[in-house]
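Below, all heavy atoms of this structure are taken into account, side chains as well, without hydrogens, waters or symmetry copies.
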Amino acid sequence: MKTNTTEKVRNRIKRYPKGKLFILNDFIDIADRDTAKVEINKLIKEDVLRRVYNGIYLKPRINKRLNMEVPPSHYDIVKQIARKNNQQITPYGNTALNLVGLSTQVPTTLEYATDGPSRTIQLTPGPVINLKHVGKKSFFENNDTNFTINIIAYLSNNDIDNLTLKALGTRLDQQAYDNLLNVSNKLTTKTRNYIVQIGSYIND
C-alpha cells in the first residue's frame, strides 16, 4: 500500500532530530506546499512543532534536567530565513564577533548583511535583527567564507592578532578553508595575507 502525501510529510518530520529547524521547501520533493503547510499546522496544534518565525519551523528539543526547551540560536534562525527567501545573509560587526567568541558583549540589536532588502525582524521571543542590504557583489557562494571575510574587514589591524586568527580558523574545516582561500585572490592583499595565516589554525 502506497504511503499518502500527508503521511510522507509526517514521517519525514518524525525522522528529523529534535532541535531541527526547517522550511516548507524541505518537502517539495514529496508534497506540494499547501499539503505540507496543512500538516505542519496540525503538528503545531498538537505541540509536536513550533513556529519560530513566518515560514520557519522547529522540532523542539527539551533539556530533561531543566525541563525546559532548548531554543535555537538566532543565527540558525537567520540562516533558515536566508534559505526561505533565497538570499545571502551573514553576521556583521559585533554580532559576528560575538558568534565566534571574539566578544563577550551580546548586542541588543543583531546586525546582519544581506543581498536582499534592508529590513528589521523581531523574533518572538528573541532579539531584534537588522538586515542591511549590501549588494550581491559583497557575497561569495559559501556562507563561512562571507562570515570570515566580514570579520576581517570589520576589525582594525591592531585587533587581528594570533588569538583572533585562531578563533576564525578553528571554526573552519579544510573544505571551508579551501573555499575561503579560493576567493582570496579577489580581495585586498592585506585580507589575503590574513586568510593565509588562518590556515595554520583550521579545524582538522
Tyr57 and Ile23, any side-chain heavy atoms less than 4.5 Å apart
no
If you look only at pairs with a residue in residues 76-104, which of them pass as a salt bridge (Lys or Arg N to Asp or Glu O under 4.0 Å), with sequence neighbours excluded?
Asp26-Arg83, Asp76-Lys79
Answer with yes or no whether the hydrophobic clustering places Ile202 together with Tyr194; edges join I, L, V, M, F, W, Y residues whose side-chain heavy atoms lie under 4.5 Å apart.
yes
Counting heavy atoms not belonging to Gln122, are there more than 12 under 6.0 Å from its CD?
yes
Assert yes or no for the condition that the ring centre distance of Tyr75 to Phe147 is strictly below 6.0 Å.
yes
Please test Leu180 against Ile149 for side chain to side chain contact (heavy atoms under 4.5 Å, CB included), starting from the C-alpha separation and ending with a verdict.
CA-CA 8 Å; Leu180 179 63; Ile149 291 172; 3.8 Å; yes
Tell me whether Asn86 contacts the main-chain N or O of Ala82 through its side chain, where contact means a donor paired with an acceptor under 3.5 Å.
no
I'd like to know if Arg10 and Glu7 make a salt bridge, using a cut-off of under 4.0 Å between side-chain N and carboxylate O.
no
Taking atom types as modelled and ignoring hydrogens, do the side chains of Gln175 and Asn179 form a donor-acceptor contact shorter than 3.5 angstrom?
no
Side chains of Thr35 and Phe27 in contact at under 4.5 Å (non-hydrogen atoms):
no
Neighbour count above 12 (heavy atom, 6.0 Å) for Glu46 CD:
yes
Do any N or O atoms from the side chain of Lys37 and from the backbone of Asp32 form a donor-acceptor pair under 3.5 angstrom?
no
Would you say Thr120 and Asn130 are linked by a side-chain donor-acceptor pair, where the criterion is simply a distance under 3.5 Å?
yes
Does a sphere of radius 6.0 Å around CG in Asn185 hold more than 12 heavy atoms from other residues, nucleotides or ligands, not counting ones at 6.0 Å or beyond?
yes
Using atom types as modelled and distance alone, determine if a side-chain donor or acceptor of Asp115 lies under 3.5 Å from a backbone N or O of Gln88.
yes
Under 6.0 Å from the ring centre and within 45 degrees of the ring axis: does the NZ or CZ of Lys136 meet both conditions for the six-membered ring of Phe139?
no
Do Tyr154 and Val134 land in one hydrophobic cluster if side-chain heavy atoms of ILVMFWY residues count as linked below 4.5 Å?
no
Pairs where residues 102-114 contributes a residue and the test salt bridge (Lys or Arg N to Asp or Glu O under 4.0 Å) is met, not counting sequence neighbours:
none
Counting neighbours of CZ on Arg61 that are heavy atoms of other residues, nucleotides or ligands and sit closer than 6.0 Å, is the number greater than 12?
no
